[in-house]
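To start, the structure itself, in structure tokens.
In what follows, chains carry the letters A, B, and so on, assigned in the order in which the sequence lines appear, proteins first and then strands, with residues in each chain numbered from 1.
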Protein chains: 2
Amino acid sequence: MAADRTRTAIITAAERLYAERGFADVTMRDIVAAADVNLAAVNYHFGSKDELIAELFVTRSIATNRERRALVGPTLRGCLGPDREGSTAARFMIRASIESVPPIRKIKTREVDHLKRFAAALRRALPDHDPADIFWALHFALALAHQTIRDTERLTRMSDGLCDLDDVQGIIDRVVAVALAALTGKPARIKTRA
Amino acid sequence: MAADRTRTAIITAAERLYAERGFADVTMRDIVAAADVNLAAVNYHFGSKDELIAELFVTRSIATNRERRALVGPTLRGCLGPDREGSTAARFMIRASIESVPPIRKIKTREVDHLKRFAAALRRALPDHDPADIFWALHFALALAHQTIRDTERLTRMSDGLCDLDDVQGIIDRVVAVALAALTGKPARIKTRA
DNA sequence: GTCTATACTGGGATAGAC
DNA sequence: GTCTATCCCAGTATAGAC
């Protein structure tokens, strides 16, 4: 009971601090201070700092993957747009995308089941396609979505602010158009907006 | 003279160790042991560990960007393929792509001049295109190349080895096809190989 | 079973001797 | 310019209180 309270306090504080300041800047001593628990409690409940981060990431990933049926839409919607500052969970996942700390990197490369399920659905939907092409297209679609989140600042700089990162639906349209082009060979022209 | 020798020894050892074992695993003490110089020499010559990493990355980036006229080809060729183990420089740059350590991340988002030059050339070549579309296409092209290097292992796992990461020319063809689709709205179908 | 205080190890940085 | 000694702070381990 009390154990649960400590565990939860650590998780809540850690997620918030990592979301706000990034992985590189937040120490375990910062976390336990914010959670108002003892330093050793982290190792007692989670084993190590990396396992705490892994647990945070896995918990959020399960939530994300459950809503991931459109693959890239939910992620982009959660991570971009003017109200992206709202959710601590979303900001934590943005950090996880950008900073790619070792424990999270490991999980990402190991856990591919949900992607395999997605690929299987695509293969059923497109029986004429070379399976390798489908995997490549899926890989490219994920790359587009992920790097768009990751490199928003670079895109803003390179375009001198011309590209509108707040138009989330427009970005999703672009990503989906290019991903579809990769998949089906259909034209990828973006419907230009007024 | 002797100063130069020390500096060079540090740089050489650091690049090799980072390339072999990644940023997370290599300490300054490892580097000075390999370079056979004193621990304090790193701080004296480079200021800090992060600045040493930054210097390594900038040096390699200048070399890469100079040959970057085709934007993604040289990078992919350097980072993929069966002989990718050959060059320490290439392996260092792969590490830099995958692990995205803070000093390198900062440089990447700040230094966009070479991309601006590339975008300017594209705008001259495609005067009818919306400039924002061109920036987006460039952003997507970089995303495809970068994540393809970054997530090779995930792609291999997800496709159960079906996607051939050793066929570098085939990969470049795929990336270019999709990037072109993003840019011109032309079909992106991949020429399937025998 | 939970939690605390505290000690340990190893990392990067720095002051000052040479 | 170089080296030694030392400092500070990080994550971790442990002994023992409750």
Open item on the list: Apply the hydrophobic cluster definition, ILVMFWY joined by side-chain contacts under 4.5 Å directly or through others, and give me every member besides A:Val37.
Closed with: A:Ile10, A:Ile11, A:Leu17, A:Tyr18, A:Phe23, A:Val26, A:Met28, A:Ile31, A:Val32, A:Leu39, A:Val42, A:Phe46, A:Leu52, A:Ile53, A:Leu56, A:Phe57, A:Val58, A:Ile62, A:Phe92, A:Met93, A:Val101, A:Ile104, A:Ile107
Open item on the list: Below the 4.0 Å mark, does C:dC3 have OP1 or OP2 next to a side-chain nitrogen or oxygen of A:His45?
Closed with: yes
Open item on the list: Taking salt bridge (Lys or Arg N to Asp or Glu O under 4.0 Å) as the definition, give me every residue that meets it alongside B:Arg123, ordered by chain and number, with sequence neighbours left out.
Closed with: none
Open item on the list: Which residues pass the salt bridge (Lys or Arg N to Asp or Glu O under 4.0 Å) test with B:Arg29, not counting sequence neighbours?
Closed with: none
Open item on the list: Can you measure B:Arg5 atom CZ to D:dG1 atom C1' for me and round it to whole angstrom units?
Closed with: 12 Å
Show which side-chain atoms of residues 109-119 of chain B pair as donor or acceptor with protein atoms under 3.5 Å away, not counting sequence neighbours.
{"residue": "B:Thr109", "atom": "OG1", "partner": "B:Arg105", "partner atom": "O", "Å": "3.3"}
{"residue": "B:Thr109", "atom": "OG1", "partner": "B:Lys106", "partner atom": "O", "Å": "3.1"}
{"residue": "B:His114", "atom": "ND1", "partner": "B:Asn65", "partner atom": "OD1", "Å": "3.4"}
{"residue": "B:Lys116", "atom": "NZ", "partner": "A:Asp160", "partner atom": "OD1", "Å": "3.0"}

- [ ] Scan nucleotides 10-16 of chain C nucleotide by nucleotide, 5' to 3', and note B when protein non-hydrogen atoms come under 4.0 Å of the base, S if they reach only the sugar-phosphate, - if neither.
- [x] -BBBB--
Task: Partner residues of A:Asp164 under the salt bridge (Lys or Arg N to Asp or Glu O under 4.0 Å) criterion, sequence neighbours left out - done: none
Task: Euclidean distance, atom CG of residue A:Asn38 to atom P of D:dG11 [Å, nearest integer] - done: 15 Å
